[in-house]
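The block underneath contains the structure these notes are about, expressed in structure tokens.
Order of the sequence lines fixes the chain letters, A, B, ..., with proteins taken first and strands second; residue numbering starts at 1 for each chain. It should be emphasised that the depicted structure is a prediction, and the values quoted were computed from it without experimental measurement. Hydrogens, waters and symmetry mates are skipped; everything else that's a heavy atom, side chains included, is used.
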Amino acid sequence: MSKQIIKGKLLAFENKFIQQRIEKAELLRAEGINPYANNSQRNTTIAKFLNVNSDVAEKENQRDEKRHYIVSGRIKLFRIMGKASFIKIEDESGMLQVYVARDNLPEGFYNDTFKKNIETGDIVEINGFPFVTGKGELSLHAEGVKLLTKAIAPLPEKFHGITDKETRYRKRYLDLIMNAEVRKTFKIRSKVISLTRHFFEDKGFLEVETPMMHPIAGGANAKPFVTHHNALGIDRFLRIAPELYLKRLIVGGFEAVFEINRNFRNEGMDATHNPEFTSIEFYWAYKTYKDLIKITKEYFEYLFDHLDLPTILPYGDLEVDFSEFKEIPLIESLSVIGGVPEDIVNDKEKILAYLRANKLEAKSEMTLGQLQGELFDGFVEEKLINPTFITEYPVDISPLARRSDVNPEITERFELFIAGREIANAFSELNDPVDQYERFKAQVESKESGDDEAHEMDEDFVEALSYGMAPTAGQGIGLDRLVMLLTNEHSIRDVLLFPAMKPLHNEHANDKNEENKTGE
RNA sequence: GUCUCGUUAGCUCAGCUGGUAGAGCACGUCACUUUUAAUGAUGUGGCCGAUGGUUCGAAUCCAUCACGGGACACCA
């Protein structure tokens, strides 16, 4: 737990290091140097500098004084060696060593300004020429040093950096300054989002934005956040899924739509759950879940190709082999993968007994399909390491999926599991408005008997379906978890720039009243 | 929500069965013009997460609270 946050000394500028640095900024001002200058002259990035000058080692004296560059960056290391110094500066593209010698700078600047008032954490601009040091490191030989931005807060320790997870999540900017691999993770995340967008655009999907504030929180089984519209005097729910709006668009005649954005679920937080999370949902008219299996495989190939990932990815202690995506019906997976005796998987009483014998939750009022779901969660899910499509889900745990024409008890649905986790959920959509109405009614009854995550009746959605929705297949993919998988991260907080955190102080004295309101 | 571990200097961490705090880095001063976590000398720096309790005496023991990590439960 980081004490500094609680004490708040840095913010109050009471900290002695901050005082010292503010004084330095004043001294610089007195010399006519603006400690917050904005006239940057940078003409190349560090990565480009290193790349373009990789030939300097071959040159006479291992230097090229005819080349001139201006680079900028934050000082990460400062090594003063008398009349010369080595500093390391970092910009977004990389890290560069700069050699600063007294005699290459204006009279007095090195001793009175550079050594005294410029330090680790400051953002500077260096102009100079490339050379290679005795130890073989391509560096920049400074002929001018300009301060761009004075940092009045000291950087964390140069070797260990910042490791306290709480500080890293609360002050992500510090984490990003200090930890290059964190920057890399978030670059990959950004790329995954971008690739996802391009993949579906290339397939002819239309990107749309549907409401985040819903009158009825539908499209998933989850508790919603409640917010309030003052002018209308009504409560709204932050969406738990965009599904029902996207399907209305299919009714409206768009044949392929997708939305990449946040969902909000008012549930516990842990390594795989953040109150707001990012998903892609896409809906595709005149297709079935079989087509979704195909496009999902293509999507993963596309990602792996563009991210340049190996077919076998490490994930913690696991090795996940993406070369083959298996397919198996849920009922079959129970015995084949889960080791559940084959003769019990269609018998309510036997499943109940089996679950209880294995100390798993089992309520007598559960339906057969719900019990099969329990079996799956308890015995199969964690064993699905390599990508596996689990298909043919029971209808009573799939309120929005289309029934199978062959067996009305199951739906045309799959979930994709990788590394023991659900990554995608997809099905041929239910487009029979009467069936949909009945299923909503069943959910409402379930809700009345205590399941507060059950669906509510959405009459407007049923009405939309009653105008006819073309046969459609739809899918949702949890992008945070996908990024976790691809970056070998094991906490969702490590793939969210600003994960949800509890407030540090009792800032909201009226929270108790708020609780009462939302509980109504 | 439950269990469990943690919170000591700006950062990373020691501090044993109670005797009012230590290192490294950083920072200040000095030396040093090719270093690589530069080096050497020297110095400053702490409400030991918060509140109570036990005790002559608490960073240390106990309780409660706050925040965080991990595991489990629910979910994506």
A:Y99 and A:F86 aromatic centres sub-6.0 Å: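 That pair passes the under 6.0 Å test.
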Is [X] near enough to [N] that one of its side-chain N or O atoms lies under 4.0 angstrom from OP1 or OP2?
X      : N     : value
A:K165 : B:G69 : no
A:R493 : B:G69 : yes
A:R170 : B:G68 : yes
A:K135 : B:U35 : yes
A:K158 : B:A38 : yes
A:T163 : B:C13 : yes

Under 3.5 Å donor-acceptor pair, A:S85 side-chain atoms to B:U35 base atoms: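 No, no donor-acceptor pair under 3.5 Å.
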Base of B:U35 paired with side chain of A:Q97 (donor-acceptor, under 3.5 Å): yes
First encountered from the 5' end of RNA chain B, between A:N104 and A:I162: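 In this pair, the answer is A:I162.
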5' priority, RNA chain B, between A:F277 and A:P156 [closest heavy atom]: A:P156
A:E157 side-chain proximity, nearest of B:U35, B:C11, B:G68: B:C11
Ring centroids of A:F159 and B:A37 base under 5.5 Å with planes under 30°: yes
Separation between the P atoms of B:U64 and B:G1, rounded to whole Å: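 So the two P atoms sit 16 Å from each other.
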Cationic N near anionic O, under 4.0 Å, A:K184 to A:E181: no
Pairing of A:E90 and A:R74 as salt bridge, 4.0 angstrom limit: no
Side-chain donor-acceptor contact under 3.5 Å, A:Y299 with A:T196: yes
